[in-house]
Amino acid sequence: MILYPAIDLKDGNAVRLVHGDMAQETVFNENPAAQALEFVKAGCEWLHLVDLNGAFAGAPVNAAPVEEILKQTKVPAQLGGGIRDMATIARWIDRGLARVILGTVAVENPDLVREAAREFPGKVAVGIDARNGRVATKGWAEETDVMVTDLAKSFEDAGVAAIIYTDINRDGAMQGPNVEATAALANAVSIPVIASGGVSSIDDLKALKNCGAALNGAISGRALYDGAIDLKEALAVLKA
């Protein structure tokens with residue numbers, strides 16, 4: 001399993017939100033590239049980046065810090081937030097991004113996901129953010145009637161690289177991930193699943209690892225910044 005340290009970008013800073021609420025932010029680093037380098041030096045092999053402003057705006061907002069992270073680090077990075085057309089996808093991949101994460105458009109324009117996955121094999125992931133099993137879009141501000149598993153299954157033949165599943169009620173709350181729902185999703189589809197939301201201890205990582213080979217990795221943010229998870233210990237646990 002891969003540990004993906006999260007760098008959530010708001011107004012140029014690395015922050016964490018609680019339950020995705022833009023009004024409940026904690027600024028952890030005013031230099032996101034320096035934060036990224038810390039994670040890489042500790043042994044992280046991937047970075048998970050989110051343009052929070054972009055998710056609400058529907059277009060990239062924090063492009064400058066993302067580009068600086070890509071320039072200063074040599075590990076692959078995935079980015080979500082405000083990526084909703086082929087031109088933006090192509091631009092990010094051309095700038096060295098390893099993987100784009102398509103969330104809102106996966107619900108509103110699934111054909112775009114399929115087109116992007118064909119055009120950029122291995123470089124397109126679907127972000128599925130959910131409350132109580134139902135998908136939320138536009139920076140989690142709008143809830144839909146679409147069920148998580150139904151949306152995931154609809155991309156089985158699309159060639160997407162991964163599904164990033166976030167339980168919004170757990171995100172940033174340090175209450176542990178929704179292991180049961182994550183395992184159910186991972187076992188329902190053949191696409192690799194990455195768990196996100198609430199990962200706050202080494203025990204959480206062990207529980208997710210026990211979900212089996214269908215789970216590709218786990219994303220953690222606040223717990224790494226707060227020191228609730230020792231990064232080197234976490235990397236060792238997931239590689240064991």
Applying salt bridge (Lys or Arg N to Asp or Glu O under 4.0 Å), run through E68 and K71 and close with a yes or a no. CA-CA 5 Å; E68 193 62 27; K71 183 163 52 174; 3.5 Å; yes

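- What you find for Q72 and A33 is that their closest heavy atoms are NE2-CB, 3.9 Å.
- Between the CG atom in L102 and the CG atom in L112 there is a gap of 6.0 Å [rounded to 0.5 Å].
- Going from atom NZ of K206 over to atom SG of C211 covers 15.0 Å, rounded to the nearest 0.5 Å.
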Can you give me every donor-acceptor pair (side chain of residues 230-240, partner residue at least two apart or in another chain, under 3.5 Å) with its distance?
residue : atom : partner : partner atom : Å
D230    : OD2  : K232    : N            : 3.4
D230    : OD2  : E233    : N            : 2.9
K239    : NZ   : E45     : OE2          : 3.2

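- Counting heavy atoms from C-beta on, the side chains of R91 and D94 never come closer than 4.5 Å.
- No donor-acceptor pair under 3.5 Å is formed between the side chain of N210 and the backbone N or O of A207.
- Taking every heavy atom of both residues into account, V148 and A130 meet most closely at CG2-CB, 3.3 Å.
- When side chains are defined from C-beta on, V75 does not count as touching C44, because their heavy atoms never get closer than 4.5 Å.
- For D204 (side chain) and S200 (main-chain N/O), a donor-acceptor pair under 3.5 Å exists by modelled atom type.
- Contact detail for N13 and E30: the closest heavy-atom pair is OD1-CA, 3.4 Å.
- Applying the side chain to side chain contact (heavy atoms under 4.5 Å, CB included) test between I191 and each of L185, N216, V160 identifies V160 as the sole match.
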Indicate every side-chain donor-acceptor pair of residues 47-63 with a distance under 3.5 Å to a residue at least two apart or in another chain.
residue : atom : partner : partner atom : Å
H48     : ND1  : Q78     : NE2          : 2.9
D51     : OD1  : N53     : N            : 3.4
D51     : OD1  : G54     : N            : 2.8
D51     : OD1  : N62     : ND2          : 2.8
D51     : OD2  : V61     : N            : 2.7
D51     : OD2  : N62     : N            : 2.9
N53     : OD1  : D11     : N            : 2.8
N53     : OD1  : N62     : ND2          : 2.8
N53     : ND2  : D11     : OD1          : 3.2
N62     : OD1  : G12     : N            : 2.8
N62     : ND2  : L9      : O            : 3.3

Does the side-chain contact (heavy atoms from CB on, under 4.5 Å) test come out yes or no for I7 and Y225, once each step is laid out? CA-CA 10 Å; I7 300 178; Y225 294 102; 3.7 Å; yes

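- Using a 4.5 Å heavy-atom cutoff, the side chains of P177 and D167 are not in contact.
- Inter-residue side-chain proximity for R134 and M147 is flagged as met; some heavy-atom pair is nearer than 4.5 Å.
- Proximity of M1 to L215: side-chain heavy atoms (C-beta onward) are separated by under 4.5 Å at one or more points.
- Remark: S196 OG to I168 CD1 distance equals 10.0 Å, nearest 0.5 Å.
- Of the inter-residue distances, the one linking S220 atom OG with I202 atom CD1 reads 9.0 Å to the nearest 0.5 angstrom.
- For T144, the side-chain contact (heavy atoms from CB on, under 4.5 Å) criterion is met by V107, V135, T137, V146, not counting sequence neighbours.
- Here the closest non-hydrogen pair linking P32 and A14 is CG-N, 3.9 Å.
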Side-chain atoms of residues 149-159: list all donor-acceptor pairs with protein atoms under 3.5 Å, sequence neighbours left out, distances to 0.1 Å.
residue : atom : partner : partner atom : Å
S154    : OG   : L151    : O            : 2.6
E156    : OE1  : S190    : N            : 3.3
E156    : OE1  : S190    : OG           : 2.5
E156    : OE2  : S190    : N            : 3.0
D157    : OD1  : R114    : NH1          : 2.9

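- Contact check for L224 versus F39: side-chain heavy atoms found under the 4.5 Å cut-off.
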Assess whether side-chain contact (heavy atoms from CB on, under 4.5 Å) is satisfied between L17 and D8, documenting all intermediate values. CA-CA 8 Å; L17 307 181; D8 290 358; 5.7 Å; no

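- Judged by distance alone, the side chain of D226 and the main-chain N or O of A228 form no donor-acceptor pair under 3.5 Å.
- A ring-ring contact (aromatic ring centres under 6.0 Å, His included) check over residues 63-98, counting only residues at least two apart or in different chains, returns nothing.
- Not one N or O on the side chain of T88 forms a donor-acceptor pair closer than 3.5 Å with the backbone of R84.
- We find the CD1-CD distance between I93 and E119 to be 9.0 Å, quoted to the nearest 0.5 Å.
- When side chains are defined from C-beta on, T26 counts as touching R222, because their heavy atoms get closer than 4.5 Å.
- Of all heavy-atom pairs between R131 and A136, the closest is NH1-CB, 4.2 Å.
- Membership of the apolar cluster around W46 extends to I2, Y4, I101, I164, I194, I219, as traced through chained side-chain contacts below 4.5 Å between ILVMFWY residues.
- Of all non-hydrogen atoms in A214 and A186, the two that sit nearest each other are CB-O, 3.3 Å.
- The CG atom of L97 lies 6.5 Å from the CD1 atom of I83; values are rounded to the nearest 0.5 Å.
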